[in-house]
Amino acid sequence: MSMIKFFQQPMEMLANAGVLIKIKYGKRNFYKVGNKSILEYIALRERNALIFLKNYIEKVLKDSGLYSYFENFFRLQTQTAYNNVKQAFSDFTIRYTKINGKVECNRIFIKVLNPLAYFANSCGTERGHISHQIITYDMLMYNRNNFRDIYADKPKGITRKEYADKHPVEVNDAYYHYQSKKAKRFLRLFNDQNRDGRTEHIEVSHTKDKAIHMHNIFPESIYPEICYYLENIIALTPTQHFNYAHPNGYTQEIDEQYQHLLLLSKANRIYENLTDTTTEKIYEFSNFLFVLDVGFDNDDIMEIADMDFGSVINAINIHYTT
């Protein structure tokens, strides 16, 4: 695929959604911003782009009379329902678009079904068949290592370091650093808008100080695979960050006692977010488990039941007291 086609496809989609305005001069297409607020929302973080994509896909499918096939598949999760939705999508695309081959229809089908499957917490499509597992966020990301899958093959009793030495994974440090910075920008904006910029680790002596530093609880240099998870980032005041989290301001060191307290506070902030019906949900409980699983190198963490914050707090306390 040429770079022109690579960029043109999403730009055409944004133009169809009214986010961009397409202007044609001869054989060339030019685009200008049509809805700046939505474009800024999409650019803020990947999950925002995914939310926008979900809403756009649903609107197109409903307008096309196809959405009932997708709803049926998400409800039944059977091979027959999968075949029906795939065939209906292919027939419609060949009949009403310039696409006339099933191969190209199937490539598009993946990009349509799986984002919806993620939000439906259901199986999707994989290698031309119904997927064997529920579609996760990492499975939707382009050219990203799915560390959950990589670590899933690690036998219990073997440390992550030992496993990595025998099964090396190439990590794009620049990519993960970029994702981490992007996640930190988002968390600061969210904290400013929803918590008046207060520190996420509440201490009486710092209640009036603004939390302008976004800190990786488990350091990015050691744990790049979780550096971009919001569940691993906490908003702190400058004093909390440089005097407490990093002793004497030395960012290569972590105060483990303070790290313990930060994880407990982050657990509280995640619980507040997931149980507050008036605020946008920015966290996932399973992501927090994965962060702790990687940070503690303790596979038992992933066996904690959904939303069982009591067991999470217990696991955190046990890790730092044994």
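Nothing fancy with the numbering, it's 1 onward along the sequence. The structure presented is a predicted model; accordingly, all values stated were derived computationally and were not measured.
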Inset, instruction - Applying side chain to side chain donor-acceptor pair (under 3.5 Å) between E200 and each of H215, Q240, R195, K266, report the one that passes. - result: K266
Mark yes or no for whether [X], through its side chain, and [Y], through its backbone, hold a donor-acceptor pair below 3.5 Å.
| X | Y | result |
| --- | --- | --- |
| K210 | D196 | yes |
| H246 | I254 | no |
| D293 | L289 | no |
| N314 | G310 | no |
| N106 | K102 | yes |
| E231 | F285 | no |
| K86 | G128 | yes |
| N273 | E280 | yes |
| N232 | I226 | yes |

Legend entry - Carboxylate-amine/guanidinium proximity below 4.0 Å for E284 and R47: yes
Inset, instruction - Any chance you could lay out the side chain to side chain donor-acceptor pair (under 3.5 Å) test for D91 and Q87, step after step, and finish with the verdict? - result: CA-CA 6 Å; D91 291 345; Q87 188 65 50; 2.8 Å; yes
Inset, instruction - Answer whether the closest heavy-atom distance between the side chains of D209 and T199 falls below 4.5 Å. - result: no
Legend entry - Check: Y82 and Q79 side chains under 4.5 Å, non-hydrogen atoms: yes
Inset, instruction - Kindly state whether the ring of H201 and the ring of Y244 have centres lying under 6.0 angstrom apart. - result: no
Inset, instruction - Please check if the distance between the ring centroids of F30 and Y25 is under 6.0 Å. - result: yes
Inset, instruction - Could you tell me how the ring of F74 sits relative to the ring of F70: parallel (under 30°), tilted (30 to 60°) or perpendicular (over 60°)? - result: tilted
Inset, instruction - Give the ring-plane orientation class for Y56 versus F52, where under 30° counts as parallel, over 60° as perpendicular and anything between as tilted. - result: parallel
Does one side chain, of [X] or [Y], offer a donor that lies under 3.5 Å from an acceptor on the other?
| X | Y | answer |
| --- | --- | --- |
| Q133 | E126 | no |
| Q257 | Y320 | no |
| E12 | Y31 | yes |

Inset, instruction - Going by the ring pair (Phe, Tyr, Trp, His ring centres under 6.0 Å) test, name the single residue among Y228, Y223, Y229 that passes it with Y176. - result: Y228
Identify the two heavy atoms, one from [X] and one from [Y], that lie closest to each other, and give their separation to 0.1 Å.
| X | Y | value |
| --- | --- | --- |
| N114 | G124 | OD1-CA, 3.4 Å |
| S180 | I233 | O-CD1, 4.4 Å |
| A183 | L230 | O-CD2, 3.5 Å |
| K182 | A43 | CE-O, 3.4 Å |
| M302 | S286 | CE-O, 4.4 Å |

Legend entry - Cluster overlap L262 with L264, hydrophobic side-chain contacts below 4.5 Å: yes
Inset, instruction - I would like to know whether I316 and L292 meet side chain to side chain contact (heavy atoms under 4.5 Å, CB included); could you show each step before the answer? - result: CA-CA 8 Å; I316 293 171; L292 295 175; 4.2 Å; yes
